[in-house]
Amino acid sequence: MTDTTALTLYETIGGAPVLRDMVDRFYDLMELEPEFAGIRGMHPPSTDGSRDKLYFFLTGWMGGPDLYIEKFGHPRLRARHLPYAIGTSERDQWLRAMAWAMEDAGIEESLRVRLMESFYQTADWMRNKPD
C-alpha cells in the first residue's frame, strides 16, 4: 500500500520549530546587518510583534494552522503594507534577508528556490513607489 498523502510545505520544511527559526533569523539579520537598514527602519523598535505576525502568516500560507487569520482576520497584505514606501531596494533587502534566513535555518536548497519564487512574486507586488 502506498501513502498518497502529500505533505504540506509547512510539514516539508519541518513545521513550527524550523519556521520559527527561519522567521527569527530573518529579523535577527534585519537587526544585525547594515544592508537591511532600509527595511529595519520600517519596523517598530521592538520586532517581537512583527516576528509573531510573519510567523503566524507563513504558518498558514505554508499549509499549517491558519494562525494569522484566527488572530487578525484576512492578511490583506498589500493594504497592510501601503503605508510603507516600498520600492525595488526594499523588495530586494527583504528577499536577501529571507534567502539568508532560510539557508541558516537549514532549509534544503531546492525548497529554498521554490519558496524564493513565491516570495519574489509577493515582494514585487508590494512595491508601491517609483524607483
Side-chain angles (χ1 to χ4, degrees):
M1 182 176 220
T2 309
D3 182 11
T4 58
T5 306
L7 292 176
T8 64
L9 189 53
Y10 179 76
E11 293 165 324
T12 302
I13 69 160
V18 174
L19 183 55
R20 180 49 92 170
D21 285 349
M22 182 182 92
V23 168
D24 284 341
R25 183 62 178 150
F26 172 80
Y27 280 98
D28 291 347
L29 288 165
M30 214 190 294
E31 303 261 356
L32 297 169
E33 298 297 328
E35 71 183 280
F36 306 128
I39 59 172
R40 176 59 184 100
M42 296 178 175
H43 291 78
S46 170
T47 59
D48 292 347
S50 300
R51 288 171 190 257
D52 286 344
K53 285 180 179 177
L54 182 58
Y55 169 75
F56 296 154
F57 173 76
L58 289 176
T59 295
W61 181 79
M62 290 184 178
D66 279 328
L67 302 176
Y68 189 94
I69 291 171
E70 290 170 9
K71 294 178 185 306
F72 305 106
H74 190 282
R76 299 175 33 231
L77 285 180
R78 181 134 168 96
R80 291 185 196 271
H81 287 82
L82 278 176
Y84 307 98
I86 300 171
T88 302
S89 175
E90 293 78 15
R91 176 201 65 197
D92 292 349
Q93 287 176 53
W94 194 97
L95 291 168
R96 171 69 181 118
M98 185 54 74
W100 191 344
M102 286 192 296
E103 186 174 353
D104 287 355
I107 295 173
E108 186 229 37
E109 183 178 4
S110 64
L111 189 51
R112 292 194 318 257
V113 169
R114 179 176 155 199
L115 285 166
M116 284 305 293
E117 289 171 0
S118 293
F119 287 152
Y120 175 84
Q121 290 174 7
T122 302
D124 194 56
W125 182 59
M126 293 296 158
R127 289 185 306 129
N128 59 22
K129 74 172 188 179
D131 293 320

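All values below were derived from every heavy atom in this structure, side-chain atoms included, with hydrogens, water molecules and symmetry-related copies excluded. In what follows, residues are counted from 1 in the order of the sequence shown.
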Suppose we screen for salt bridge (Lys or Arg N to Asp or Glu O under 4.0 Å). Which residues come up paired with [X], at least two apart in sequence or across chains?
| X | value |
| --- | --- |
| Asp104 | Arg25 |
| Asp48 | none |
| Arg96 | Glu35 |
| Arg91 | Asp124 |

With [X], which residues qualify under side chain to side chain donor-acceptor pair (under 3.5 Å), at least two apart?
| X | result |
| --- | --- |
| Ser89 | Gln93 |
| Thr122 | none |
| Lys129 | Glu90 |
| Asp28 | Arg51 |

(request) Please collect all salt bridge (charged side-chain N to carboxylate O under 4.0 Å, His left out) contacts where either partner lies in residues 8-20, sequence neighbours excluded, each pair once. (result) Arg20-Asp24, Arg20-Asp52

Output side-chain donor-acceptor pairs under 3.5 Å for residues 109-117, partner residues at least two apart or in another chain, one line each.
| unit_1 | atom_1 | unit_2 | atom_2 | d |
| --- | --- | --- | --- | --- |
| Ser110 | OG | Glu108 | OE1 | 2.3 |
| Ser110 | OG | Glu108 | OE2 | 3.3 |
| Arg112 | NH1 | Ile107 | O | 2.7 |

(message) Looking at every heavy atom in both Leu77 and Met126, which two are closest together, and how far apart are they?
(response)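 For Leu77 versus Met126, the nearest heavy atoms are CB-CE, 3.1 Å.
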
(request) Specify the closest pair of heavy atoms between Pro34 and Leu32, including all atoms of both residues, with the distance to one decimal. (result) CD-O, 3.5 Å

(message) Looking at Tyr84, I'd like to know if its OH atom is crowded, meaning that more than 12 non-hydrogen atoms belonging to other residues, nucleotides or ligands lie closer than 6.0 Å.
(response)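 Open: at most 12 neighbouring heavy atoms sit under 6.0 Å from OH of Tyr84.
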
Would you indicate whether the side-chain heavy atoms of [Y] and [X] approach each other to under 4.5 Å?
| X | Y | value |
| --- | --- | --- |
| Met102 | Phe119 | yes |
| Arg40 | Thr47 | yes |
| His43 | Tyr27 | yes |

Identify every side-chain donor-acceptor pair in residues 57-68 under 3.5 Å, counting partners at least two apart or on other chains, and give the distances.
| unit_1 | atom_1 | unit_2 | atom_2 | d |
| --- | --- | --- | --- | --- |
| Thr59 | OG1 | Tyr55 | O | 2.7 |
| Tyr68 | OH | Arg80 | NE | 3.1 |

(message) For Ala97, give me all partners under side-chain contact (heavy atoms from CB on, under 4.5 Å), at least two apart in sequence or on another chain.
(response) Phe26, Phe36

Would you compute the distance between atom [atom1] of [X] and atom [atom2] of [Y] and round it to the nearest 0.5 angstrom?
| X | Y | atom1 | atom2 | answer |
| --- | --- | --- | --- | --- |
| Thr8 | Ile13 | OG1 | CD1 | 8.5 Å |
| Asn128 | His81 | CG | NE2 | 10.0 Å |
| Leu95 | Trp100 | CG | CH2 | 14.5 Å |

(message) For the backbone of Gly87 and the side chain of Asp131, can you confirm whether one donor and one acceptor N or O come within less than 3.5 Å of each other?
(response) no

